[in-house]
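Heads up, the thing below is written out as structure tokens.
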2 protein chains.
Amino acid sequence: MARAGTLFRGIADEIRNRITTGELAPGTRLPTESQLMDQYGTSRNTIRLALAALENEGLIATEQGRGSFVREWSSLTHHATRAERVDRPSSSTDAFVAEAREAGFEPSTAFSMRIEPAVAEVADRLQIPIDTFVVLRRVVRYIDGQVSSRQDSWYPMDVAEKAGLNVPHDIKEGTVRAMAAAGYVEVGHIDEVTSRMPSPDDHQTLDVATGVPVIVYVRTAWTEERPTRVTRVTLPADRNRIVYELGNIDAYEATQK
Amino acid sequence: MARAGTLFRGIADEIRNRITTGELAPGTRLPTESQLMDQYGTSRNTIRLALAALENEGLIATEQGRGSFVREWSSLTHHATRAERVDRPSSSTDAFVAEAREAGFEPSTAFSMRIEPAVAEVADRLQIPIDTFVVLRRVVRYIDGQVSSRQDSWYPMDVAEKAGLNVPHDIKEGTVRAMAAAGYVEVGHIDEVTSRMPSPDDHQTLDVATGVPVIVYVRTAWTEERPTRVTRVTLPADRNRIVYELGNIDAYEATQK
DNA sequence: GGTGATTTGTGCGTATGTATT
DNA sequence: TAATACATACGCACAAATCAC
């Protein structure tokens, strides 16, 4: 019962302990605000400060009319190196579907395409002038109806046209393979991984709650000649992790047996 | 002036707009709570709800007695693939120092070592029983006196002894090279990248503010025979990004000229 | 160096709205 | 419909940190 300097922090500490020790398991409902007021002999305001602190740490979620609940952080693996490897039979989407089904979930995807002027983030990486038109292909992935990730890929206009990417539907063999068939063979890429709190817009489009950051990685891929693709993947951190497999994977898998 | 459903959200929206449009630049001080009360004709409580929302989005930082300020998100690059490459002359620490100096900062590092029983997170990855003793080597990196990252590496006892890693000081040639010299040649690794809100402990040890997530990646490395190392790097997201360079980097660098 | 003014932090109370049960 | 529970908004007081003089 180590009460910290202030009342509400002390209360938050105690509840946090009960969560991290497992006494309050994920999904468990916390006592109501009234009960906590009685229990700690404080005002409702103080209780709400404590609960707000825990919510912003991603530990609990409060729902109007229902109560506060201990939040669960499951994690589906996003294979950053496996998804787009040309020498493997699975395309990016297929890897997601396989992973989800294996974990016992029902995956689905929504696809869209549009042509837009390149913003600085994209133009710089593609080495083209800002506002040059580019093709944006978006894939939103769902798990059991909830958004799992959003993936935006931008292609230079000429590359997209020659590879047939400027079409409003999914490409079964995968865009990387379609580009390779058109002569644009990717020989490398750079991934920039960052994390931030969701904007109000993200709360809607990604269905991500308060206290849960999003992971963002931006992949710039190129051929021997020039950059040909920028892909940005945005993932709610409470249900995703990114995995990079590098080097001799077989040696590791052998140790698992 | 699109006021959302509630007062404090509408106020937060307006201030957020002034920040994202650049009208309020990083470092700028916001109006005081009293001024905002007058400006919006609301109670202090409502103003504080709006400011708290912005703080938890990582947009502003409030300091007792001073005011609220627009937060800056700079980003130093953490080279995940470059740091430990054996075929390059720089060790992990050196890469950090070079990167920081190049960006005009003054880097420093603190090192420590201890022997401890392996927790599940480590034991599972090293394929050893829980509570088996392992060597933990910790590197805390600083930029201008502020923590930039914390790196913990765990080694199986026998590996650490043969490679001379169970010593309480830095190893100049790098631990990966020292292990290779002892016959433990890494042939691959897996990185698991996640993000979460800082715990109260992180707030202290990592000097990370409210509304700023931390990025965590756990690297499991192995030789042809078995896992030999688990490294966990924890980075405050407001001043770091992780970069993976894969494939033919030279081709990309050529396009930059 | 100190004092008072300013500014945010903590805590109390009350009332009403809205979603759920 | 009624009761419960969280959300929003008002008010007040004092503490703690900072700043200007």
Side-chain angles (χ1 to χ4, degrees), chain A residues 1-16 19 24 27-71 200 203-204 207 209-211, chain B residues 2-16 19 24 27-71 200 203-204 207 209-212:
Chain A
M1 321 310 175
R3 294 283 178 82
T6 65
L7 265 178
F8 83 85
R9 288 187 194 283
I11 296 171
D13 289 346
E14 289 192 20
I15 299 177
R16 187 186 304 105
I19 294 175
L24 293 173
T28 307
R29 188 181 142 169
L30 297 184
T32 67
E33 293 178 353
S34 296
Q35 290 171 332
L36 291 170
M37 286 169 67
D38 294 343
Q39 188 173 331
Y40 290 102
T42 63
S43 70
R44 182 162 174 233
N45 208 313
T46 300
I47 295 298
R48 282 182 65 78
L49 279 176
L51 294 179
L54 296 174
E55 182 170 27
N56 289 318
E57 289 173 33
L59 287 175
I60 68 171
T62 69
E63 299 176 37
Q64 186 172 358
R66 301 226 308 134
S68 297
F69 301 84
V70 180
R71 182 174 287 156
H203 278 106
Q204 293 228 338
D207 192 17
T210 309
Chain B
R3 292 285 177 79
T6 64
L7 266 178
F8 84 86
R9 287 185 196 283
I11 296 170
D13 289 346
E14 289 192 21
I15 299 176
R16 188 187 303 105
I19 294 175
L24 293 173
T28 308
R29 189 183 142 169
L30 295 183
T32 67
E33 294 178 354
S34 296
Q35 290 170 332
L36 290 170
M37 286 169 67
D38 295 342
Q39 188 173 330
Y40 291 100
T42 63
S43 70
R44 186 169 169 226
N45 206 312
T46 300
I47 295 298
R48 283 182 65 78
L49 279 176
L51 294 179
L54 296 174
E55 182 170 26
N56 288 318
E57 290 174 32
L59 287 175
I60 68 171
T62 69
E63 299 176 36
Q64 186 172 358
R66 302 227 307 134
S68 297
F69 301 85
V70 179
R71 182 174 287 157
H203 279 107
Q204 294 228 337
D207 192 17
T210 310
V212 176

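For A:Thr6, counting side-chain heavy atoms from C-beta on, the closest listed nucleotide (D:dA7, C:dG11, D:dA5) is C:dG11. Taking every side-chain heavy atom of A:Arg9 into account, C:dT10 is the closest of C:dG9, D:dC6, C:dT10.
In this structure, A:Leu54 CG and A:Asp13 CG are separated by 8.5 Å, a value rounded to the nearest 0.5 Å. To the nearest 0.5 angstrom, A:Arg9 atom CZ is 9.5 Å from A:Arg16 atom CZ. The CD1 atom of A:Ile47 sits 8.0 Å away from atom CD of A:Glu33, with the distance rounded to the nearest 0.5 Å. Distance check: A:Gln39 CD to A:Ile15 CD1 gives 7.5 Å after rounding to the nearest 0.5 Å. Atoms CG and CD1, on A:Leu30 and A:Ile19 in that order, are 6.0 Å from each other to the nearest 0.5 Å.
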B/S/- contact track for nucleotides 10-20 of chain D, protein heavy atom under 4.0 Å
BB-B--BBSS-
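For the pair A:Tyr40 OH and C:dT10 P, the interatomic distance rounds to 17 Å; values are reported in whole Å. Residue B:Leu54 contributes atom CG, which lies 16 Å from atom C1' of C:dT8 at whole-angstrom precision. Between the CG atom of B:Leu49 and the P atom of D:dA7 there is a distance of 11 Å, rounded to whole Å. Distance, A:Glu63 CD to D:dT4 C1': 15 Å, rounded to whole Å. Atom P of nucleotide D:dA9 and atom CD of B:Glu33 are separated by 16 Å, given to the nearest angstrom. Here D:dA5 presents its P atom at 13 Å from CG of A:Leu30, a figure rounded to the nearest Å.
Nearer to the 5' terminus of DNA chain D, by closest-nucleotide assignment, is the contact made by A:Ser34 (compared with the other of A:Ser34 and B:Phe8).
Neither OP1 nor OP2 of D:dC6 sits under 4.0 Å from any side-chain N or O of A:Arg48. Dashed line: the shortest gap from a side-chain N or O of A:Thr62 to OP1 or OP2 of D:dA7 is under 4.0 Å.
Proximity of A:Leu36 to A:Ile11: side-chain heavy atoms (C-beta onward) are nowhere separated by under 4.5 Å.
Between the side chain of B:Arg29 and the backbone N or O of B:Arg66 there is at least one donor-acceptor pair closer than 3.5 Å.
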